[in-house]
Every structure is written in C-alpha cells, then in structure tokens.
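Nothing fancy with the numbering, it's 1 onward along the sequence. No experiment lies behind these values; they were computed from the predicted model shown. Heavy atoms only: backbone and side chains are in, while hydrogens, waters and symmetry mates are out.
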Amino acid sequence: MTALAYHKGDLMTSEELGASIRTNPTVIRRLISKLVDAGLLTSFKGKAGGVKLAKAPKEISLRDVYVAITDKKLIATPDKEPFKNCVVSCSMKKLMCELVDGIENNSMDYLGGIRLSDLTSKIAK
C-alpha cells in the first residue's frame, strides 16, 4: 500500500509489488483481492493491468489496511478447557480476553491515526 501511495496513482503489478517487498506475487495477489473487496484498491485486468489506490493516501489509515487483510485478533486467547480444580485456570480465559481486547483497541486506535500519506512523507528520496 505504501509503494502504491508513493507511486501516486501509477498502476503496479503483483510482480512489481512482490519484488518491492521481496515476496511471492501470489501472496500479493491474495492481499490485493482483500484490499479490492474493502474498497482500498482498484484492480485493472489485462496485459497493461495492475492495481492502484482507490482513495487518496491521506484517506487510508493503517487501521483500514489491517482490518481489510486480517480476520483474526493481534493476540490469540486461550481456547483450552480450564482445569476445573484450579481457580486460576478457570479465570485465565476471561482475564486474557480482557487484556487482549484492551491491546486490540489501543492498537486499532494507534493504527487509525496513521495515514499512508504519513508513511510516504518519511520515505527518503
């Protein structure tokens, strides 16, 4: 997303984006699909196709990107059955869920305050 913001509306392919962050273009295509569904990218098919931002970089927060590409919490909570004879074990799921919710809320607030334009303004030219 930062590469797309930096290139100011130019179409980029999954191969170019993959090379930029040194990952397989297939990984990029999976992310692109989610970002298109979220309305953050516009995709153009064909030989001269590619993707570009669907909004201005100042209108896209890192929270928007994070929510679009992930479907799980930042930190997993316990999913095992507690040991019934231990009050600590029986309390841990509730305690950890409260902690994780707090971390998640703080992280989302933080990411919501950072725009793609903030990142591109810090790129050395």
Just distance, no hydrogens or angles: give the donor-acceptor pairs under 3.5 Å from side chains in residues 25-48, sequence neighbours left out.
{"from": "Thr26", "atom 1": "OG1", "to": "Asn24", "atom 2": "OD1", "distance (Å)": "3.0"}
{"from": "Thr26", "atom 1": "OG1", "to": "Arg29", "atom 2": "NH2", "distance (Å)": "3.3"}
{"from": "Arg29", "atom 1": "NH1", "to": "Ser14", "atom 2": "OG", "distance (Å)": "2.7"}
{"from": "Arg29", "atom 1": "NH1", "to": "Glu15", "atom 2": "OE2", "distance (Å)": "3.3"}
{"from": "Lys34", "atom 1": "NZ", "to": "Ile69", "atom 2": "O", "distance (Å)": "3.4"}

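Checked by atom type and distance alone, the side chain of Ser20 never pairs as donor or acceptor with a backbone atom of Glu16 at under 3.5 Å. Without hydrogens or angle criteria, Asn106 side chain to Ile103 main chain gives no donor-acceptor distance under 3.5 Å. Counting only distance, with no hydrogens or angles, the side chain of Asn105 and the backbone of Asp101 share a donor-acceptor pair below 3.5 Å.
Sorted by first and then second residue, the side-chain hydrogen bond (donor to acceptor under 3.5 Å, both in side chains) pairs with a member in residues 81-100 read Lys94-Glu98; sequence neighbours excluded.
Of all heavy-atom pairs spanning Val51 and Leu4, the tightest one is O-CD2, 3.5 Å. Residue Lys72 comes nearest to Tyr66 through the heavy atom pair O-OH, 3.4 Å, listed as atom of the first residue, atom of the second, then distance. In this structure, Ala3 and Leu17 approach most closely via the heavy-atom pair CB-CD2, 4.0 Å. For Lys58 against Ser117, the heavy-atom pair with the smallest separation is CA-OG, 3.3 Å. Asp118 and Gly113 get closest at one heavy-atom pair: OD2-O, 3.8 Å.
Considering CE of Met96 and CD1 of Ile75, their distance stands at 7.0 Å, rounded to 0.5 Å. To the nearest 0.5 Å, the span separating CG on Leu62 from CE on Met1 amounts to 9.0 Å. A distance of 10.0 Å separates CE in Met92 from SG in Cys86, rounded to the nearest 0.5 Å.
Both Leu95 and Leu99 are members of a single hydrophobic cluster when ILVMFWY side chains are connected at heavy-atom separations under 4.5 Å. In the hydrophobic cluster analysis, where Ile, Leu, Val, Met, Phe, Trp and Tyr join through side-chain heavy atoms closer than 4.5 angstrom, Leu11 is grouped apart from Leu116. Grouping the Ile, Leu, Val, Met, Phe, Trp and Tyr side chains by contacts below 4.5 angstrom, directly or via other members, places Ile123 apart from Ile60.
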Side chain to side chain contact (heavy atoms under 4.5 Å, CB included) for Met12 and His7? Distances and angles first, verdict last. CA-CA 9 Å; Met12 293 186 76; His7 289 282; 3.6 Å; yes
